[in-house]
2 protein chains.
Amino acid sequence: MQSKHPAGRLPDPPNPIADDGDEAHFCGTCAFSSACVAAGYHKPDLAALQCLVEHVGPFRAGEHIFRTGDPFRAIFAVRGGTVKTRMVDKEGREQVLGFYLPGEVIGLNAIYPEHFPCDAVALDTTFFCRFSFPAMSALASRIPAVQQHLFRMLSKELGTASLLAGDHSADERVAAFLMDLASRYAARGFSGTRFHLSMSRGDIANYLRLAAETVSRVLSRFRIQKLIQIEGRELQVLDPKGLRAIGQSLLPE
Amino acid sequence: MQSKHPAGRLPDPPNPIADDGDEAHFCGTCAFSSACVAAGYHKPDLAALQCLVEHVGPFRAGEHIFRTGDPFRAIFAVRGGTVKTRMVDKEGREQVLGFYLPGEVIGLNAIYPEHFPCDAVALDTTFFCRFSFPAMSALASRIPAVQQHLFRMLSKELGTASLLAGDHSADERVAAFLMDLASRYAARGFSGTRFHLSMSRGDIANYLRLAAETVSRVLSRFRIQKLIQIEGRELQVLDPKGLRAIGQSLLPE
DNA sequence: CGCCTAATTGAACCAATTCAAACGCTGTGG
DNA sequence: CCACAGCGTTTGAATTGGTTCAATTAGGCG
């Protein structure tokens with residue numbers, strides 16, 4: 001996935017969602033694939049699941065998928081590209097809540113308030129599967145696997161605050177952030193050692209509750225220490241063990 | 001887990017759950033009350049809901065309701081008392097994840113991993129309703145209101161990270177913490193201006209990512225500024241508007 | 001080419017931490 | 001009954017990691 005043309009301002013989406021003809025393959029990296037499988041690809045249930053999905057996009061860097069206060073009607077699975085969610089307080093200060101990679105889902109935190117409590121902003125060219133939530137819950141009532149999948153996704157997201165937890169040094173936070181990204185990319189079949197940072201240093205810093213300058217300094221230090229290779233936003237993890245060791249107290253296990 | 005007499009030192013709990021005879025009234029402050037109401041108090045569904053509930057407790061200060069790694073079988077609604085959830089990293093450092101008051105639910109973050117990812121520790125004498133999660137999901141499939149209620153609880157908890165978000169001063173954090181507690185107490189019918197802090201300064205500090213000394217200093221300052229009255233753990237909010245103003249960027253609205 | 005924004009790097013500063021000491025409360029044991 | 005130990009809390013003084021301010025460099029695009 002991940003558009004073939006990652007850079008921002010292309011006149012037109014390079015590869016409009018072209019693989020619709022091969023749903024089974026397309027869904028392989030989708031957040032709902034396991035639910036689909038559980039529902040059974042050949043049962044009529046699957047038709048219902050397909051039915052409530054809508055492919056949306058492309059959105060380009062800086063565009064909003066939804067905005068704070070928008071009425072909640074659907075959740076979005078990222079098919080390609082990267083998204084940040086953020087809140088903006090009334091003084092205009094931004095607070096980055098998270099980054100979402102292909103296969104991950106945004107909008108779950110809007111179920112309860114029934115309005116989106118945050119903005120979702122594309123960091124590069126992004127595509128989504130849009131799932132009508134009312135239709136999804138109705139389906140969940142009929143198909144236990146779908147219900148279970150929703151419960152699990154929600155519960156999983158509850159465990160995601162860990163990168164921000166605790167009083168940890170800038171080094172720990174940045175190392176843990178990089179390894180978290182790496183493992184999430186790896187989990188979706190991308191390289192876990194070489195990837196593109198779709199977000200700016202400022203976004204990373206904001207997310208980690210650091211200053212952009214601090215993130216820059218830490219990354220420079222990691223490079224000097226041969227933990228990573230980084231040029232602009234192209235990252236290569238040279239010493240995963242070393243990074244993991246630094247960020248260990250913030251990472252799983 | 002959940003023995004009636006959890007190894008405690010008291011010969012007997014002061015006020016053993018005495019209101020079982022009046023379920024409807026008892027459930028008034030319960031986290032599931034709205035689901036019960038939606039299910040209809042007089043339908044057979046309600047019987048099913050009652051059926052999967054088990055009253056557990058008392059637990060006394062310091063006792064564990066569940067521990068990291070315990071297999072996930074149930075969620076717990078706090079009936080009385082206060083609970084903290086926490087993680088302990090391998091260096092032995094504690095990380096407080098949250099405090100839970102009567103009417104609130106713990107254990108939702110264990111659905112996905114299928115094991116509790118944290119400890120739950122009683123801060124004072126606590127009682128719970130224990131809901132078998134398999135039974136609960138089965139019921140949710142049959143009763144849309146129950147399913148919706150679970151979705152909403154999960155989603156609501158996703159929005160709870162806000163007190164920790166952002167780079168905010170100690171004053172902002174503490175003020176927001178106090179007002180958050182106040183509003184949660186008020187929402188459950190307790191006083192929102194006078195309440196007991198069941199947790200130590202150290203727990204508050206850990207939760208807010210501050211040092212215990214800092215919390216102590218801020219509280220002292222707030223007292224001098226006549227924002228609060230505080231003696232030990234007995235708190236009275238004298239100037240809710242003032243506190244809210246200080247913590248505004250961390251609080252709803 | 002030149003503008004604009006992002007990123008890097010250096011130096012000064014500051015809020016919160018750490019270190020340290022004293023106080024108060026509670027439970028224990030002589 | 002009182003002395004003592006242990007823990008939580010408060011308060012003061014010194015330290016520091018990260019921020020802020022500032023200047024420079026690099027990169028993308030009209």
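Each chain gets a letter, A, B and so on, in the order the sequences are listed, and its residues count up from 1.
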To the nearest angstrom, how far is [X] atom [atom1] from [N] atom [atom2]?
X: B:Glu231; N: C:dG24; atom1: CD; atom2: C1'; result: 13 Å
X: B:His168; N: C:dA16; atom1: NE2; atom2: P; result: 12 Å
X: A:Arg221; N: D:dG17; atom1: CZ; atom2: P; result: 11 Å
X: A:Asn206; N: D:dT19; atom1: CG; atom2: P; result: 11 Å
X: A:Leu208; N: D:dG17; atom1: CG; atom2: C1'; result: 16 Å
X: A:Leu210; N: D:dT16; atom1: CG; atom2: C1'; result: 16 Å
X: B:Asp171; N: C:dT17; atom1: CG; atom2: P; result: 12 Å
X: A:Asp167; N: C:dA15; atom1: CG; atom2: P; result: 19 Å

(request) Remember a base hit wins even if backbone is also touched, and classify B:Arg173 as base, sugar-phosphate or nothing at under 4.0 Å, heavy atoms. (result) nothing
Would you say that [X] contacts [Y] through its side chain, given a criterion of any heavy-atom pair below 4.5 Å between the two side chains?
X: A:Tyr100; Y: A:Phe128; result: no
X: B:Val56; Y: B:Phe76; result: yes
X: A:Arg86; Y: A:Asn206; result: no

(request) Starting at CG of A:Leu243, measure out to CG of A:Leu178 and round the result to the nearest 0.5 Å. (result) 6.0 Å
(request) Go along nucleotides 8-13 of chain D 5' to 3' and tag each nucleotide: B for a protein heavy atom under 4.0 Å from its base, S when only backbone or sugar atoms are that close, - otherwise. (result) SSBBBB
(request) On the 0 to 90° scale, with breaks at 30° and 60°, tag the B:Phe66-B:Phe116 ring pair as parallel, tilted or perpendicular. (result) parallel
(request) Carefully, step by step, assess A:Phe190 and A:Phe195 under the rule ring pair (Phe, Tyr, Trp, His ring centres under 6.0 Å). (result) CA-CA 8 Å; A:Phe190 299 98; A:Phe195 49 88; 9.9 Å; no
